[in-house]
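Down below is the structure, laid out as structure tokens.
For the numbers below, each heavy atom of this structure counts, side chains included, while hydrogens, waters and symmetry mates do not. Owing to the predicted nature of the structure, the values given are computational and were not obtained by experimental measurement.
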Amino acid sequence: MSPSSRDVHEDVAAYALGVLDEEDHEAFERHLMSCEACQVELRELSEVPGLLDAVRRDRSNSLDDDRTSR
């Protein structure tokens, strides 16, 4: 989706998670240089990817434990 067809401010979470395509990623980085609101929101979201990875690992370990205890 091109940046002109939606509000680039909506991309903060997608950017933090690394799921933007190359064009949107570059557009958001340009926007980020001058948008203090998005900079603040990005800082607030900066720990989310790591937390999601930890949850994924814990869940995977729990599933593995369940399988081996049967």
Side-chain angles (χ1 to χ4, degrees):
M1 182 177 290
S2 72
S4 61
S5 63
R6 63 163 168 39
D7 184 2
V8 72
H9 295 277
E10 296 174 1
D11 287 341
V12 179
Y15 180 84
L17 293 172
V19 297
L20 292 176
D21 64 28
E22 186 176 340
E23 179 183 349
D24 289 341
H25 178 90
E26 291 172 2
F28 184 76
E29 285 193 335
R30 286 190 301 274
H31 166 78
L32 190 59
M33 289 190 289
S34 62
C35 183
E36 188 173 331
C38 285
Q39 293 170 16
V40 168
E41 188 172 354
L42 184 59
R43 280 192 295 275
E44 291 171 353
L45 293 173
S46 66
E47 293 182 23
V48 171
L51 293 171
L52 290 173
D53 286 341
V55 168
R56 189 177 303 121
R57 281 191 305 275
D58 288 348
R59 181 166 165 73
S60 177
N61 289 339
S62 293
L63 291 173
D64 289 344
D65 290 346
D66 288 345
R67 288 183 192 125
T68 58
S69 66
R70 291 183 187 173

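In this structure a side-chain-to-backbone donor-acceptor pair under 3.5 Å is present from S46 to R43. Formation of a donor-acceptor pair under 3.5 Å by the D21 side chain with backbone atoms of D24 is found in this model.
To the nearest 0.5 Å, atoms CD (E29) and CG (D11) are separated by 11.5 Å. To the nearest 0.5 angstrom, F28 atom CZ is 9.0 Å from H9 atom NE2. Residue L52 holds its CG atom at 13.0 Å from CZ of R59, rounded to the nearest 0.5 Å. Distance check: E10 CD to C38 SG gives 10.0 Å after rounding to the nearest 0.5 Å.
Residue P49 comes nearest to A16 through the heavy atom pair CG-O, 3.1 Å, listed as atom of the first residue, atom of the second, then distance. Taking each heavy atom of L42 and V12 in turn, the nearest pair found is N-CG1, 3.7 Å.
Ring geometry, Y15 versus H25: the interplanar angle falls under 30°, so the pair is classed parallel (tilted spans 30 to 60°).
Connection of V19 to L32 is established within a shared hydrophobic cluster, with ILVMFWY side chains joined at heavy-atom distances below 4.5 Å, either directly or through further cluster members.
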